[in-house]
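Okay, so here's the structure we're looking at.
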Amino acid sequence: MASRFFSVPDVYFGTNAISSLERLNSKKVAIVTDAFMVSSGKTQSLIKAMPYATVSVFGDVKPDPNTAVIVAGVQQFKSFQPDVIIALGGGSSLDAAKGIKITLEDLYQGQKIELIAIPTTSGSGSEVTSYAVISDASNGKKYPLVSADLLPDAALLDPELVLSVPRTVAVDTGMDVLTHAIEAVASINSNDFSDALAEKAIHLVATYLPQVVENESAIEPREHMHNASCMAGMAFNSSGLGLVHGMAHALGGILHISHGKINAMLLPLIIDFNGESGSLDILKKYQKCARLMKIDVDSPSQAVRELSTAIRNLNKQQQIPASLTEFGKKREDVEAARQTIIEATLADGCTITNPRKPTASDIDMLLTKIIG
Ligand SMILES: NC(=O)c1ccc[n+]([C@@H]2O[C@H](COP(=O)([O-])OP(=O)(O)OC[C@H]3O[C@@H](n4cnc5c(N)ncnc54)[C@H](O)[C@@H]3O)[C@@H](O)[C@H]2O)c1
Ligand SMILES: [Fe+2]
């Protein structure tokens with residue numbers, strides 16, 4: 001069967017990557033970001049990089065952006081008619097900017113708006129993906145939208161912008177990168193191109209995430225994590241993801257827990273679940289991931305067990321809870337949402353590329369395990 005590897009946006013990387021914004025000097029530029037990016041002066045430093053551009057800033061993105069945020073952004077920019085939208089922030093700002101961009105293009109009847117994504121966390125990879133995860137304001141459900149129209153035109157990876165990410169957010173987002181890369185390798189649609197990027201990303205996370213934790217102010221580990229995040233995004237944009245993300249979207253929409261933390265908690269559980277299928281192909285894929293994390297054992301099934309154990313240990317070291325009750329969620333709240341979570345997981349686009357097709361009772365069983 002013929003496959004497709006999306007040609008990726010132009011990627012500018014390294015310190016001072018934002019200087020490339022100078023070319024926007026004569027343009028009308030809309031910046032989509034959150035309150036922290038405005039108050040911390042990061043938005044202002046972007047504006048300084050293009051002093052002659054006409055700029056309008058929407059700084060109201062909230063974590064896990066919903067449709068109300070998109071509507072507010074569209075309302076602000078409708079008459080401004082930007083040539084370019086700059087998405088500045090974590091995955092939430094990047095995804096909100098994508099939603100605003102396609103809605104405006106629709107309003108302007110197809111007139112294209114350039115989208116430049118500047119991630120300030122090393123996590124979502126949204127700067128190079130055709131995904132936008134948007135919540136429904138009426139019921140809180142999270143939907144991963146997928147369309148080539150959501151792919152940014154350029155991505156700017158400036159490691160200086162991530163230096164202020166606190167350790168807990170760096171760990172959560174780093175675990176999101178690891179999950180993207182492992183799910184990309186394990187996906188039913190993995191291919192040589194996605195593997196090349198995902199395998200490198202796993203190696204970079206295994207090497208540099210501990211260094212970020214050890215020394216938050218060192219730029220080099222931050223730079224490698226930023227690149228790893230982008231590579232993992234390119235990988236899963238081609239291969240798709242898996243059941244960790246399918247369940248994480250379902251749970252995250254209802255329980256409002258950081259995306260990276262839910263992934264970290266689910267990842268070892270789903271590796272075990274997929275590994276228990278006994279498929280040698282799946283076991284070997286995980287064995288490849290294990291080797292990249294310096295777990296070198298000959299038996300594929302043992303490698304899978306050691307991989308999930310290593311991730312559980314990593315979670316413990318980083319104080320990532322192992323269950324929803326440890327997260328402080330009330331058992332009765334999760335129970336009340338059980339059926340909704342199962343249905344949302346089965347319907348999620350990421351679940352489709354999981355290497356083992358889950359049934360409703362499989363998800364029910366996994367949910368029981370993580371309630372704690
Ligand atoms: N589109 C995709 O391909 C894709 C993939 C994975 C996840 N996501 C989505 O991305 C979102 C998660 O993104 P995220 O993990 O980057 O978190 P986020 O964007 O929600 O940001 C988390 C927090 O970190 C803060 N922050 C961001 N940059 C900072 C910096 N440089 N210094 C200090 N604080 C900073 C933000 O203000 C916010 O409070 C979720 O909604 C998830 O579903 C999207
Ligand atoms: Fe993710």
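Both backbone and side-chain heavy atoms feed into the values below; hydrogens, waters and symmetry mates do not. Whatever order the structure lists them in is the order used to number ligands and atoms, beginning at 1. On a predicted model such as this, the values are computed, not experimentally measured, just so you know.
- Between the side chains of N354 and N274, at least one donor N or O lies within less than 3.5 Å of an accepting N or O.
- Only the side chain of D34 comes within contact range of ligand 1, with a heavy atom under 4.0 Å; no backbone atom does.
- Nearest protein heavy-atom contact of atom 34 (N) of ligand 1 is F36 CE2, 3.5 Å.
- For the 3.5 Å distance criterion, the side chains of S258 and D172 qualify, holding a donor opposite an acceptor.
- A donor and an acceptor atom, one from each side chain of K78 and T103, are nowhere located under 3.5 Å apart.
- Within the 4.0 Å heavy-atom criterion, both parts of V165, backbone and side chain, lie near ligand 1.
- Protein heavy atom closest to atom 29 (C) of ligand 1, with residue, atom name and distance, is M37 CE, 3.4 Å.
- Annotation: L161 places an N or O atom under 3.5 Å from an N or O atom of ligand 1; distance criterion only.
- Only the side chain of F236 comes within contact range of ligand 1, with a heavy atom under 4.0 Å; no backbone atom does.
- Atom 18 (P) of ligand 1 has its closest protein heavy atom at S92 OG, 3.4 Å.
- Remark: minimum distance from atom 41 (O) of ligand 1 to any protein heavy atom is reached at D64 OD1, 2.9 Å.
- With a 6.0 Å radius and a threshold of 12 heavy atoms from other residues, nucleotides or ligands, E22 has its CD atom at or below the threshold.
- Its N, O or S atom nearest to the Fe ion (ligand 2) is what matters here, and for H245 that atom is NE2.
- For atom 6 (C) of ligand 1, the closest non-hydrogen atom on the protein side is H180 NE2, 3.4 Å.
- Within D176, the N, O or S atom at minimum distance from the Fe ion (ligand 2) carries the name OD1.
- In terms of polar-atom proximity, defined here as any N/O pair under 3.5 Å, D176 makes no such contact with ligand 1.
- Between H249 and H259, the side chains place no donor N or O within less than 3.5 Å of an acceptor N or O (distance only, hydrogens not considered).
- From the protein, the heavy atom lying nearest to atom 17 (O) of ligand 1 is G91 N, 4.2 Å.
- If you check which protein heavy atom lies closest to atom 9 (C) of ligand 1, you get D95 OD2, 3.6 Å.
- Contact annotation for Y131 and ligand 1: heavy atoms of both the backbone and the side chain come within less than 4.0 Å of the ligand.
- Contacts of T120 with ligand 1, taken as heavy-atom pairs under 4.0 Å, involve both backbone and side chain.
- T309 contributes a side-chain N or O that, together with a main-chain N or O of R305, makes up a donor-acceptor pair within less than 3.5 Å.
- No more than 12 heavy-atom neighbours from other residues, nucleotides or ligands sit within 6.0 angstrom of CD on E214.
- At a 3.5 angstrom cut-off on N or O pairs, K42 does not count as close to ligand 1.
- Remark: minimum distance from atom 5 (C) of ligand 1 to any protein heavy atom is reached at S124 O, 3.2 Å.
- A donor-acceptor contact closer than 3.5 angstrom links the side chains of R338 and T368.
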